[in-house]
Structures are given as structure tokens and as C-alpha cells.
> 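Shown below is the structure under consideration.
In what follows, every heavy atom counts, from backbone to side chain, and hydrogens, waters and symmetry copies are set aside.
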Amino acid sequence: PDNPEVLIEGVLFRARYLGSTQLISEGQPSKALRMMQAQEAVGRIKAPEGENQPSTDVDLFVSTEKLMVLNTDLQEIMMDHSLRTISYIADIGDVLVLMARRRLITSPGEGPNRRRQAKILCHVFESEEVS
């Protein structure tokens, strides 16, 4: 938006929530790897062409501080993520994938064999407003 005050207050987008899945990610993935992970999340959640896709109508609230998913039917908050936890947002046609870090895990071992992994929660949405 042209008005910066709107960003502080927030912007609403209509969408259909399709589901969420969790991925494990190592280190600091590149944009290309994040996009592959987003496509994997879509593959796990989205029903094959011709099959019924369960979904819930939602409003995505985005501000400079947080991202919230609001159930439009029940008028309740389904998800609330601080903007600092959002690691990637993928726009794939009319599908939107929000990827939020849950926590870091350090594998057992010592020295160079120790690996840092992060649990990533991937939320998948469909919206005409995305593309």
C-alpha cells in the first residue's frame, strides 16, 4: 500500500486454508531450496486434480509485526506468527505457502559433526488475490 500507516495497522487478504505440514530444514537454505520445500508442502497438502480439496475460508492479516490467520466463519484466530518467525513465503500460481520457524534443533555429536536443524511449519492457502 501507498500509505505506511496501513502496514502498521495491517492488511487483510481473503484465502482458503488447505492445511499445514512440518518440514525439517538444515542450516540456512537458499531461496531455491526454500521454493523446493514450499512445493513439497503443497504436494503433501493439495488434493490431486479432480479430487475434493477440504478447505476453510480465512482472512490473512499481515502487518509489520505479525501474520495472523483468522477463521471467517467462527471469527477466531487460527494462527498467530510473529513476523520474525516467517522464514519464507512462496507464491505458486494461486497457492500461497507461509513457512514459519518453530525451533532450532542441534543434532547430537561434537565438533563438525553437529548439525543445526530447524522445524519449519508450512501453511498452504489458495487465493485469487495471490497471483
Side-chain angles (χ1 to χ4, degrees):
D2 296 328
N3 186 353
E5 291 172 6
V6 171
L7 289 176
I8 293 168
E9 293 171 13
V11 180
L12 278 178
F13 297 95
R14 291 242 177 238
R16 282 178 306 285
Y17 171 66
L18 305 183
S20 298
T21 188
Q22 184 172 278
L23 300 172
I24 301 293
S25 182
E26 303 223 7
Q28 295 292 328
S30 65
K31 279 179 111 176
L33 183 56
R34 281 281 192 236
M35 182 54 92
M36 286 176 39
Q37 290 172 328
Q39 290 170 334
E40 179 182 345
V42 171
R44 289 182 184 184
I45 301 293
K46 198 154 169 34
E49 197 67 35
E51 289 189 21
N52 186 31
Q53 175 69 57
S55 65
T56 301
D57 289 334
V58 297
D59 289 320
L60 298 174
F61 171 82
V62 182
S63 74
T64 55
E65 295 179 5
K66 64 171 57 185
L67 192 145
M68 292 190 325
V69 179
L70 310 160
N71 182 320
T72 54
D73 294 335
L74 301 176
Q75 301 280 310
E76 68 181 9
I77 298 171
M78 294 172 59
M79 294 167 229
D80 187 351
H81 292 290
S82 163
L83 219 48
R84 291 180 307 219
T85 65
I86 304 299
S87 60
Y88 193 73
I89 299 175
D91 179 355
I92 308 168
D94 64 348
V95 174
L96 177 72
V97 181
L98 300 174
M99 301 172 78
R101 288 183 312 278
R102 288 188 83 184
R103 63 178 174 259
L104 285 174
I105 309 165
T106 304
S107 65
E110 292 184 25
N113 294 337
R114 286 185 84 154
R115 295 189 328 231
R116 292 182 57 122
Q117 299 176 320
K119 287 188 177 183
I120 306 292
L121 200 54
C122 302
H123 305 297
V124 180
F125 303 88
E126 265 185 344
S127 176
E128 288 79 34
E129 294 185 39
V130 172
S131 49

> Taking a hydrophobic cluster as the set of Ile, Leu, Val, Met, Phe, Trp and Tyr residues connected by side-chain heavy atoms closer than 4.5 Å, whether directly or through intermediates, do F125 and V11 fall within one such cluster?
yes
> Check salt bridge (Lys or Arg N to Asp or Glu O under 4.0 Å) between D57 and all other residues, then give those that pass, not counting sequence neighbours.
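Partners of D57 under the salt bridge (Lys or Arg N to Asp or Glu O under 4.0 Å) test: none.
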> Do L70 and F61 make a side-chain contact, defined as non-hydrogen atoms from C-beta onward lying under 4.5 Å apart?
yes
> Who pairs with R34 by salt bridge (Lys or Arg N to Asp or Glu O under 4.0 Å), at least two apart in sequence or on another chain?
none
> Side chains of D59 and F13, heavy atoms from C-beta outward: is any pair under 4.5 Å?
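A side-chain contact under 4.5 Å is absent here.
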> How long is the gap from CG on L96 to CZ on R16, to the nearest 0.5 Å?
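Between L96 CG and R16 CZ, I get 12.0 Å after rounding to 0.5 Å.
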> How many angstroms lie between CD1 in I92 and NZ in K46, if you round to the nearest 0.5 Å?
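One gets 10.5 Å once the value is rounded to the nearest 0.5 Å.
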> Are T85 and R101 linked by a side-chain donor-acceptor pair shorter than 3.5 Å?
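No, no side-chain donor-acceptor pair sits under 3.5 Å.
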> About how many Å separate OG of S20 and CE of M99, when rounded to the nearest 0.5 Å?
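Between atom CE of M99 and atom OG of S20 there are 12.0 Å.
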> Compare every heavy atom of H81 with every heavy atom of L121, then report the nearest pair and how far apart it is.
CD2-CE1, 4.5 Å
> Just jot down the side chain to side chain donor-acceptor pair (under 3.5 Å) partners of Q39, sequence neighbours excluded, or say none.
none
> If I compare all heavy atoms of K119 with all of Q22, which pair ends up nearest, and what's the gap?
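Taking K119 first and Q22 second, the nearest heavy atoms are CD-NE2, 3.6 Å.
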> What's the shortest heavy-atom distance between S63 and L83, and which atoms?
O-CD2, 3.3 Å
> Determine the minimum heavy-atom distance between K31 and Y88, stating which atoms define it.
O-OH, 3.9 Å
> Could you measure the distance from the CG atom of L98 to the OH atom of Y17? Nearest 0.5 Å is fine.
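If we round to the nearest 0.5 Å, L98:CG and Y17:OH are 10.5 Å apart.
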> How about I24 and I120: do any of their side-chain heavy atoms sit closer than 4.5 Å?
no
> V69 versus I77: any side-chain heavy-atom pair under 4.5 Å?
no
> Of the non-hydrogen atoms in L18 and S55, which two are nearest, and what is the gap between them?
CD2-CB, 3.7 Å
> How far apart are the C-alpha atoms of V97 and V42, what are their side-chain angles, what is the distance that settles it, and do they pass the side-chain contact (heavy atoms from CB on, under 4.5 Å) test?
CA-CA 8 Å; V97 181; V42 171; 3.4 Å; yes
> State whether E126 and R14 are salt-bridged, where the test is any N-O pair (Lys NZ or Arg NE/NH1/NH2 against Asp/Glu carboxylate O) under 4.0 Å.
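No, this pair does not count.
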> Check L23 against C122 and note the closest heavy-atom contact, atom names and distance.
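Smallest interatomic distance, heavy atoms only, reads CD1-SG, 3.6 Å.
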> Let me confirm one number: the CG-CE distance from L60 to M79, rounded to the nearest 0.5 Å.
9.0 Å
> As an exercise, state the distance from CD of Q37 to OG1 of T21, rounded to the nearest 0.5 Å.
11.5 Å
> Is the shortest heavy-atom distance from the side chain of K66 to the side chain of D80 under 4.5 Å?
yes
